[in-house]
Amino acid sequence: MSVDTATVAKIAALARIKLSEGEVAAMVPELNGILAWVEQLGEVDVTGVEPMTAVIENKQRLRDDVVNADPLTGGDNRDAVLANAPAAEHGFFGVPKVIE
Amino acid sequence: MGPIGTVMSTYRIQGATGEWEVVIGLEVHAQVSSQAKLFSGAATAFGAEPNSQVSLVDAAMPGMLPVPNRECIRQAVRTGMAINAQINKWSRFDRKNYFYADLPQGYQISQLYHPIVGEGAIEVILDEKGPEGSTKTIGIERIHVEQDAGKLMHDQHPTMSYVDLNRSGVALMEIVSRPDMRSPAEAGAYVAKLRQILRYVGSCDGNMDQGSMRADVNVSVRRPGEPFGTRTETKNVNSVRFVMAVVEQEAKRQVGVIEDGGAVVQETRLYDPDKNETRSMRSKEDAHDYRYFPDPDLLPLELDDAFLEECRASLPELPDAKRHRYETALGLSPYDAAQLTLEVETYLQFEEMLDAVVKASGKGEHDLAKRVANWLLSERAGLLKSIPEGAAHPKNTVEANTALIIAASEGTISGGKAKEIFAAYLTSDIDLAAEIDANKQTSDTGAIEAAIAKILADNADKVAEFKGGKEALFGFFVGQTMKAMQGKANPQVVNELLRKALAN
Amino acid sequence: MTDLTELGVAAIRDGVAKGDFTAVEVAEAFNANVAAAQEALNAFIVATPEKALEAARATDAKRAKGEPLGKMGGVPIGMKDLFATKGVQTTAASHILEGFTPEYESTVSQKLWDAGAGMLGKLNLDQFAMGSSNETSYFGNVISPWRRKDGGNAALAPGGSSGGSSAAVSARLAPAATGTDTGGSIRQPAAFTGISGIKPTYGRCSRWGIVAFASSLDQAGPMARDVRDCAIMLEAMAGFDPKDSTSLDMPVPAWEAGLSGDLTGKKVGIPREYRMDGMDADVAASWDAGIAWLKDAGAEIVDVSLPHTKYALPAYYIIAPAEASSNLARYDGVRYGLRDLPDGAGLQDMYAATRAAGFGAEVKRRILIGTYVLSAGFYDAYYTQAQKVRTLIAQDFKNAFTLCDVILAPTAPTAAFGLGEKSDDPLSMYLNDVFAVPASLAGLPAMSVPAGLNREGLPLGLQIVGKPFDEQGVLNAGLAIEQRAAFSAKPEKWW
Ligand SMILES: [Mg+2]
Ligand SMILES: [Zn+2]
């Protein structure tokens, strides 16, 4: 499989990265080089092989249903949450107006 | 509000070119009842200050990681058990990737490939007058657990939308039905039944007006018996009534489009209750490619037998089972059984009161159930609507209710008298026991016979008319006798003695 | 008085504890080196001399009161700028996070401060840890303190992505530094600069508060001058964290106390697939030397096979970019970091403009690859296939470890290369991690220790890979090599 300029433009749009026409054109051979190389994986016989789920044997732990048990993962933290916001007003984050 | 509707299994849309059938599938998002969010320790309470219930995790700060909340998993499993579904002991979270201002991570943690709950089904009642007669089984494809998004507000600023992440990361169950419904009534009944089950289980409060339960309504139309047509999905419909309206409007619209020679476009739509119409959601139209893949921050979720056992053991008696038990073991009518089991609060009250009455009277449940049901559903129901505070009135206690129900069931006072006394008790300062005592019915045949004799003598003309065949006058004599006895005569005894006296 | 910056972690810890010198003296000495080298090496994005002094004063005060000083008491370290540090800018070497000041501290850095360490500054790295030469940082390249002995002054790569860490430790700007390793980012830079570094078993160190690159691969670890220093610092960094679902709920062994260079009864596997055609002669020779040293330490050498080795890099370059494309979606200009809002732009335009301005070329390249391999119709062919191959790679190691206790291989296929030599050709850059990536894919503990210099006078590293949770076995084999290699070379100071 290989990509053309239209595909690269589409991927870039999906990834929300604005690329100029020139950047798209430059990216095409780069991506194709990498894709052609990774496609050697297709040679591997994976019949009956399960995809990796957990690299080291480990069980998913579950958290107790307790509010603010750990301040690092709890709420009541508005100032910290908004502290780095490019635009914050009246306790909200601000973004360009969205028309739904 | 109950699952309204007449039986509509043969619901058809009359188009210009003939009849059309509507096919409906629903994806219901139900907020899991939990204190903390699905992957963080922030609170889930409704109505808090903007961004006050947001953790660093929910705001997707760099390096933040999710750890699942046991209670959210437990509630999803219990819900699955309540719909007799397959519970998957091995499930996994996937990321659904897209960009939006209400989605801080740039992906929603959800479950696509391995949901926690698989196939199940629920039975819906299509006619509440005959709840046993008209039921339909609706298949449920799956229930998966996922994060809710934040909220955008568009009206506070001329050029900006405001983002509140309080809901971001709250646990949702997405309950996906099979496309098994064929009418607005069936869709409405399905949502109502689902809400009833969730409330019984306690896994969701079912408050659609607060958004804790909302439906994505998938609608298509076809000629009866033909393959499925192209469907549209109307998002976030937040009442049973609106779900029914969406089905009706959207089916009509699609028939119109097809009959005009057009084709239905697969798209996301929005319901406008003011105009009662659906419209295309242009902002969500750009082709989505969600790039689902297993969330590498999380391990597969493996549930052990002890966990599942606890989930099962903690389930309450569910609506269908309860309704059937009320009919068979308690001898209630299907209608009364359905009414009493509709809401959790109602059945809890009924069972508490029945229990208290059984204990106080020493009689069996079966002998008292009908009396208690009548008291709750008819005699007391209207009364509570007309007094201040209603059901929440501090004097509306189990003890007071029990005393009145027992007095009425033992014939000490009549049902009507009980209602009167209760009204007086709630609104004035009287002693309940003394009042019941003072209004005791008499079965003293001598006193009643004397009263009857006087009434018959005073109304010789009416006696003659009665004897001449005007049977309806019997009620008049009963009324007069009761009045003469100041309402305290046992009506059954009055009836008997009157019959005897008039037969002479 | 000795030059305190010549001392490593153990020597500083012990010297401060004994009162040979104060922690403040140590911090001042390293602060001075950091300042003096900044212009030439660019190892730090932000220096925090006050933080280092503050911690040192606390240690000295504790000592005065006779309180315990902690595992890292009095030791100033460099912190890779991938770890969130409360109140100190954390950038992942990107423009998109420039100015971002976390309100929280990563678990690993907090553990280090709790153990008595102090922070000299935030170390430069490849942007979002994506790179093998530290040439992708928004804040400029890190220059290796090493130079070829050809008399030329070609600037060399310190390796990557923990290039600021490797440069700082080898240039004596810090006795030790944190690193993170996704596909070799601790081991390869350690090898390039003649220092030691260990990536522990996946899950040993919490990932909470570390800017994510590829979640299923990322692991933090120490980079220091010798094996003992690595053991000490890893003890301070590791440990169960309930905030990280993939954290291992296991006690942290006393690795330092367990150190032993005697490998009697141990078996060392030599993976035949790593001996590739056209292998660098000096690298091959150092590998042979390593085999001889381990034999000398009492180990038995066995031949093992890791048949899927050649597929590790391609699998990695699907899995890591796929995870990264999703992990980096949060950098959108809404809640923190850069926002680029062109006139009249809507929300989605703002995202696209912000991310175009905020990410460097390599980051964009990997996001695009990751987005592509996950997109509709390609997911199974790329991502699922890669995860199946990953299972086979892990199985290869499992099979090999039925025959041996640790595996010995070169860390990298060459010594350090010149800046700019590979930066135009992503594939040749990626190939630099060919020996490092398989252990990452399998989540195994792996370490690089210096083995000697090549004919150009540049360090070469040897890599030891262990069984899951057997950091001790890895450290001990590393120590056995260290004792025999007697590596004492250091970059000649030119800055
Ligand atoms: Mg949906
Ligand atoms: Zn959903």
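Sequence lines set the chain letters: A, B, ... in the order given, protein chains first and strands last, and positions in each chain run from 1.
Interatomic distance, CD of E103(C) versus CG of D79(A), reported as 8.0 Å (0.5 Å rounding).
Of the atoms belonging to L217(C), not a single heavy atom falls under 4.5 Å from chain A. Within the 4.5 angstrom heavy-atom criterion, only backbone atoms of A345(C) (N, CA, C, O) approach chain A. The parts of L347(C) that come within reach of chain A are both its backbone and its side chain, each placing non-hydrogen atoms under 4.5 angstrom from that chain. Heavy atoms closer than 4.5 Å to chain A are found in the side chain of Y430(C), but not in its backbone. Only the side chain of F378(C) has a heavy atom closer than 4.5 Å to any heavy atom of chain A. Residue T53(A): no heavy atom, backbone or side chain, is found under 4.5 Å from chain C. For D70(A), the part sitting under 4.5 Å from any heavy atom of chain C is the side chain, from C-beta outward, and nothing else.
Residue with the most contacts toward chain A among H308(C), Q395(C), Q348(C): Q348(C) (heavy-atom pairs, distance under 4.5 Å). Counting heavy-atom pairs under 4.5 Å between each of P314(C), G203(C), A353(C), A357(C) and chain A puts P314(C) at the top. Per-residue heavy-atom pair counts under 4.5 Å with chain A were compared for Y317(C), Y382(C), Y316(C), Y104(C), and the maximum is reached by Y382(C). Residue with the most contacts toward chain C among K97(A), E39(A), E23(A), R63(A): E39(A) (heavy-atom pairs, distance under 4.5 Å). Counting heavy-atom pairs under 4.5 Å between each of S247(C), G99(C), S216(C), P242(C) and chain A puts S247(C) at the top.
Put simply, the side chain of T371(C) never gets that close to the backbone of I11(A): no donor and acceptor are under 3.5 Å apart. Judged by distance alone, the side chain of R61(A) and the main-chain N or O of D244(C) form a donor-acceptor pair under 3.5 Å.
The nearest pair of heavy atoms linking R335(C) to P86(A) is C-CD, 3.9 Å. The minimum heavy-atom distance between L341(C) and P96(A), with the atom names listed, is CD1-CG, 3.6 Å. Residues V55(A) and A442(C) share a closest heavy-atom pair of CG2-C, 3.2 Å. In terms of heavy-atom proximity, A356(C) sits nearest to I17(A) at CA-CG2, 4.2 Å.
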Q: Start with the C-alpha distance between V95(A) and R339(C), add both sets of side-chain angles, then the distance that settles side-chain contact (heavy atoms from CB on, under 4.5 Å), and finish with yes or no.
A: CA-CA 10 Å; V95(A) 296; R339(C) 168 179 291 194; 4.1 Å; yes
Q | Steps toward side-chain contact (heavy atoms from CB on, under 4.5 Å) verdict (N58(A), Y202(C)) | A | CA-CA 10 Å; N58(A) 198 352; Y202(C) 180 81; over 6 Å; no
(Q) Is there a side-chain contact (heavy atoms from CB on, under 4.5 Å) between L72(A) and K243(C)? Walk through the geometry before answering. (A) CA-CA 9 Å; L72(A) 292 174; K243(C) 299 190 296 304; 3.8 Å; yes
Q: Could you walk me through whether V44(A) and Q385(C) pass side-chain contact (heavy atoms from CB on, under 4.5 Å), step by step?
A: CA-CA 9 Å; V44(A) 184; Q385(C) 178 75 7; 4.3 Å; yes
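The local environment of CD in E89(A) is crowded, with over 12 non-hydrogen atoms from other residues, nucleotides or ligands closer than 6.0 Å.
With contacts defined as side-chain heavy-atom distances shorter than 4.5 Å, the pair E30(A)/I369(C) does not qualify. When side chains are defined from C-beta on, Y351(C) does not count as touching K18(A), because their heavy atoms never get closer than 4.5 Å. At least one side-chain heavy atom of R365(C) sits under 4.5 Å from a side-chain heavy atom of I34(A). The shortest side-chain heavy-atom distance between V3(A) and Y372(C) falls under the 4.5 Å cut-off. L368(C) is listed as a side-chain neighbour of L19(A), based on a closest heavy-atom distance under 4.5 Å.
Looking at E43(A) and K310(C), a side-chain N of the basic residue comes within less than 4.0 Å of a carboxylate O on the acidic one, giving a salt bridge.
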